[in-house]
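Below, chains carry the letters A, B, ... as their sequence lines are ordered, and counting in each starts from 1. Because the structure is predicted, anything quoted here is derived from the model rather than measured.
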Amino acid sequence: MTAMTDPQKESFRLSMLLNDTRYRSYTFQFIALVALIAAFAYLGSNLAANLRAAGLNISYEFLEEPSNYDINQTLIEYTSRSSHWRAAVVGVLNTLLVAFLACVTATIFGVIAGVLRLSNNWLVRKLMAAYVEAFRNVPVLIWIIIIFTIMTAVLPAPRDFRGDEAEASMVLGAFAFTNRGVYIPKPIFEPLGWVVLFVFVASIIGAVLYRRYATKLLYDTGKLLPMGWPTVAILFLPTIVAYFILGMPISLEYPELGGFNFRGGIQILGSLIALWFALAIYTGAFIAENVRAGILSVSRGQTEAAASLGLRPRRIMNLVVLPQALRVIVPPLISNYLNITKNSSLAIAVGYMDITGTLGGITLNQTGRAIESVLLLMLFYLLISLAISAVMNVYNNSIRLKER
Amino acid sequence: MSDMMQHQIDAFVRREMLPEREPPVTERGVVKWMRENLFSTIPNAILTVLALITLYYLLAGVLPWLLNGIWDAPSVRACRDILEGARGGCFAVLAERWNQLLFGFKYPSEEYWRPTLAFVLLFVAAAPVMFFKYLPRQMLLFTAIYPFLAYWLIWGGPILAPIVALLGFVVGYVVWSVVVKKSFAGAFFGAIAAAVVVWWIGGLFVEGLSSNTILPAVPSRDMGGFMLNMILGTVCVSLSLPFGIALALGRQSRMPIIKWVCIVFIEFIRGVPLITLLFVANVVLAYFLPPGTNFDLILRVIIMITMFASAYIAEVIRGGLAALPRGQYEAADSLGLDYPQAMRLIILPQALKISIPGIVNVAVGLFKDTTLVSIISMFDLIGMIRGPILASTEWNGVYWELLGFAALLFFIVCYGISQYSQWLERELNTDHR
């Protein structure tokens with residue numbers, strides 16, 4: 001113990017910058033910083049020289065100018081007189097739309113395939129393995145193009161629906177699958193219809209509240225309320241009653257053949273469907289593997305322990321296996337959502353006007369503002385991915401195993 | 001009473017074993033297997049029937065198309081004439097445009113043997129790395145030479161250029177191995193300096209002697225077809241590995257500046273889609289280069305894809321580094337190893353082994369993503385199909401044959417790689433469970 005004394009104070013020598021671990025890291029960081037600044041200065045001076053030579057400058061004024069191009073699917077009001085900025089916003093909304101649709105569908109595909117891969121049915125197991133391998137190992141671009149080809153080259157043209165001996169007919173009289181897109185009935189809301197919609201939203205909230213209450217009651221008192229049928233009842237009964245009491249204020253407008261094309265209803269573009277389904281089915285294969293890994297990660301002992309406590313299989317699934325499996329499933333699931341959002345930029349391959357198609361495509365080509373457009377484009381995707389990873393971090397922290 | 005029992009028991013004692021009987025029909029062979037695996041419960045049986053129906057429709061759709069296929073016809077119209085309305089694929093397009101699909105439409109046809117040879121040699125070069133336990137280590141020498149040989153084979157031009165490049169690496173390596181015993185940092189920077197000097201001197205020679213070519217030069221813009229996918233895939237994966245390791249170590253570093261530079265780079269690259277980086281390669285990167293320089297598009301694309309892949313690989317390797325028990329780091333410290341030694345001898349070998357599955361996933365994903373270059377109008381396999389082939393009058397409308405072929409090609413490569421990685425994991429598995 002007595003031998004432990006402070007090391008002798010040495011005076012600082014220049015060689016210690018390289019040899020002494022206390023100072024060496026400062027030397028390295030200083031060198032790195034200088035190198036970084038030099039690299040940026042070099043790139044910046046090149047940029048300045050190139051811009052001067054081309055007579056350009058960095059400016060975002062072009063966003064205010066009229067865009068002069070049309071967009072085939074707009075969620076907000078937009079004409080070719082609108083500004084480039086407006087076009088970019090339309091693109092953003094289209095990106096978010098296709099990403100949202102694909103995320104929901106991919107989750108459904110993935111969960112079904114993942115659970116079926118663990119089924120004790122040999123044939124189903126093998127089929128699902130084939131699905132997963134086939135879709136994971138082929139580029140998503142090929143799937144997008146394949147589905148787009150189905151949508152545009154295989155489906156009948158609207159004129160094939162004409163006449164008594166038509167080559168094609170509408171499914172259930174309401175859905176028309178044509179090479180110009182899919183036409184589906186459009187709900188028409190009379191003023192009272194919004195009330196029905198409001199009732200439906202309220203009953204969703206009600207159902208969630210009821211389930212929370214039931215769970216709390218179970219944890220606090222051990223009393224078990226039925227969950228399944230009351231949820232369904234709360235969800236649909238008030239809405240149906242309201243619908244009929246208010247005199248059926250929501251009607252459907254069916255698409256009808258008129259002139260050279262269908263009129264009425266909602267037209268879903270083939271490019272949207274191609275992108276949506278290709279992303280969903282491709283990412284679904286990845287999600288299937290996550291789901292499978294998650295379920296397998298819950299050890300058998302957990303199931304057996306729950307069974308020995310006298311829980312029934314359904315409850316074992318809901319109370320023991322799923323909560324633990326979700327801990328493994330959700331983080332990669334969210335990064336798959338992120339992948340879907342980023343892969344939706346492939347829209348440009350099939351002419352779906354998402355942000356890459358508007359800002360990174362036509363706006364860039366029309367105005368020649370490459371640096372500005374690409375920078376904005378990257379910023380948008382960066383914001384989305386940062387937002388999603390923030391959500392993921394919050395979730396990870398909330399479900400982290402609390403040890404000791 | 002007891003007498004009677006005795007008597008009875010005597011009467012029922014068997015002298016010989018009964019012959020074994022087979023289990024009942026429902027408990028053996030195919031029937032048992034089907035009962036257990038296909039029809040164990042009613043929902044299961046329903047699933048089986050549904051699966052069979054799906055399978056039937058799939059096969060009924062695909063098989064006639066596959067078996068009736070026409071392999072020899074000059075155009076899609078000729079195909080339809082031969083088929084006379086029957087269902088069948090027009091695979092003649094594959095036979096007819098085979099070279100275009102593989103090499104693009106500009107690569108000179110009398111030079112096709114060069115990329116083919118490079119492709120075959122790729123296996124020879126990759127084999128000692130992939131099956132390092134079973135092949136002699138001397139073969140690694142060929143692996144080291146291969147990049148330069150392949151460059152020379154595919155691009156052609158003066159043979160001196162790849163030789164000088166190789167020479168730079170050799171001199172750098174020699175300097176490194178001499179100095180490394182004294183100081184790692186000194187060896188590292190000394191090697192770089194030596195290599196740069198060799199390249200600079202060699203560059204003067206190459207310019208002077210460039211007229212002397214054995215293989216005619218093929219410009220980069222003539223590359224295309226599946227060859228382009230293979231070039232981008234192999235080059236970018238192999239380049240991104242060292243960069244990815246460096247980034248991962250940087251992100252784990254205790255020096256805040258270096259750590260934050262790495263974090264910003266990695267998160268930025270991972271936050272944007274590859275397509276925007278390709279836009280950068282296509283239209284923006286030129287602004288950041290000295291005025292007057294003109295990079296090949298293929299080189300710009302390689303730079304951007306390598307940056308993209310190295311960010312992802314860095315994250316995978318960071319996972320491997322984090323998965324190592326703390327004790328390994330402490331053990332290395334307690335042996336008195338300095339940072340480079342500890343990393344080289346203790347940490348990285350284990351961390352890399354843990355991250356093999358992740359690295360292979362990134363590699364497969366990257367290889368699939370090389371198809372995106374078709375969007376910035378490079379003629380890779382997809383670009384060839386969507387561009388020159390489907391647009392030609394002869395083959396307008398043969399979608400399924402071409403797209404199916406592309407899908408099959410990618411499937412074979414990607415599935416092969418993932419099978420190899422699973423094999424490698426088993427091979428490297430050192431925990432004796």
(request) Against chain A, work out which of Tyr339(B), Tyr287(B), Phe39(B), Trp33(B) has the most heavy-atom pairs shorter than 4.5 Å and name it. (result) Tyr287(B)

(message) Heavy-atom pairs under 4.5 Å with chain A: which of Ala45(B), Cys414(B), Ala407(B), Pro290(B) has the most?
(response) Pro290(B)

(message) So Ile142(A) and Phe411(B), do their side chains get closer than 4.5 Å, heavy atoms only?
(response) no

(request) Working to the nearest 0.5 Å, report the span between CG of Leu123(A) and CE of Met34(B). (result) 10.0 Å

(request) Can you measure from CD (Glu36(B)) to CH2 (Trp122(A)) and round to the nearest 0.5 angstrom? (result) 14.5 Å

(request) May I ask you to name which of Leu375(A), Asn120(A), Leu51(A) has the most heavy-atom pairs under 4.5 Å with chain B? (result) Asn120(A)

(message) How about OH on Tyr420(B), more than 12 heavy atoms from neighbouring residues, nucleotides or ligands closer than 6.0 Å, or not?
(response) yes

(message) For chain A, which candidate among Thr276(B), Leu55(B), Asn44(B) shows the most heavy-atom pairs at distances under 4.5 Å?
(response) Asn44(B)

(message) Can you tell me which portion of Phe286(A) sits under 4.5 Å from chain B's heavy atoms? Options are side chain, backbone, both or neither.
(response) side chain

(request) Search all heavy atoms of Phe288(B) against all heavy atoms of Asn46(A) and return the closest pair with its distance. (result) O-ND2, 3.1 Å

(request) Check each atom of Leu38(B) against the heavy atoms of chain A and say whether the ones under 4.5 Å are side chain, backbone, both or neither. (result) both

(request) Compare every heavy atom of Phe279(B) with every heavy atom of Thr356(A), then report the nearest pair and how far apart it is. (result) CG2-CE1, 3.5 Å

(request) Examine whether an atom of Leu47(A) lies under 4.5 Å from a heavy atom of chain B, and if so say whether it belongs to the side chain, the backbone or both; otherwise answer neither. (result) both

(request) Please flag which part of Tyr42(A) lies under 4.5 Å from any non-hydrogen atom of chain B: side chain, backbone, both or neither. (result) side chain

(message) Please classify the contact of Leu403(B) with chain A as side chain, backbone, both or neither, using a heavy-atom distance under 4.5 Å.
(response) both

(request) Side chain from CB out, backbone as N, CA, C, O: work out which of these in Ser374(B) comes under 4.5 Å of a heavy atom of chain A, or both, or neither. (result) side chain

(message) With rounding to the nearest 0.5 angstrom, report the OH to NZ distance, Tyr282(A) to Lys368(B).
(response) 3.0 Å

(request) Verify side chain to side chain contact (heavy atoms under 4.5 Å, CB included) between Trp400(B) and Val154(A), making sure each step is shown before the conclusion. (result) CA-CA 11 Å; Trp400(B) 308 117; Val154(A) 176; 3.5 Å; yes

(message) Does anything in residues 31-41 of chain A reach chain B? List residues with heavy atoms under 4.5 Å apart, or say none.
(response) Ala32(A), Leu33(A), Leu36(A)

(request) Give a yes or no on this: more than 12 heavy atoms of other residues, nucleotides or ligands lie within 6.0 Å of atom OH of Tyr60(A). (result) yes

(message) Do Met378(A) and Leu277(B) make a side-chain contact, defined as non-hydrogen atoms from C-beta onward lying under 4.5 Å apart?
(response) yes

(request) Rounded to the nearest 0.5 Å, what's the gap from CG on Asp380(B) to CG on Leu141(A)? Could you check? (result) 8.0 Å

(message) Is Leu43(A) in contact with chain B via its backbone, its side chain, both, or neither, using a 4.5 Å heavy-atom distance?
(response) both

(request) Supply the atom-to-atom distance Leu278(B) CG to Ser345(A) OG, rounded to the nearest 0.5 angstrom. (result) 9.5 Å

(request) Mind listing the closest non-hydrogen atom pair of Val124(A) and Ala51(B) along with its distance? (result) CG2-CB, 4.1 Å

(request) Under 4.5 Å heavy-atom distance to chain B, tell me which part of Leu116(A) shows up: side chain, backbone, both or neither. (result) side chain

(request) Indicate yes or no: at least one non-hydrogen side-chain atom of Tyr399(B) is less than 4.5 angstrom from one of Ile145(A). (result) no

Distance-only donor-acceptor hits, side chain of residues 254-275 of chain B, under 3.5 Å, sequence neighbours excluded:
| unit_1 | atom_1 | unit_2 | atom_2 | d |
| --- | --- | --- | --- | --- |
| Glu267(B) | OE2 | Arg251(B) | NH1 | 3.2 |

(message) Counting heavy-atom pairs closer than 4.5 Å to chain A, which one of Leu381(B), Leu58(B), Thr371(B), Val283(B) comes out on top?
(response) Thr371(B)

(request) Evaluate the side-chain proximity of Asn37(B) to Asn121(A): yes if any heavy-atom separation is below 4.5 Å, no if none is. (result) no

(message) Would you say that Asn137(A) contacts Phe410(B) through its side chain, given a criterion of any heavy-atom pair below 4.5 Å between the two side chains?
(response) no

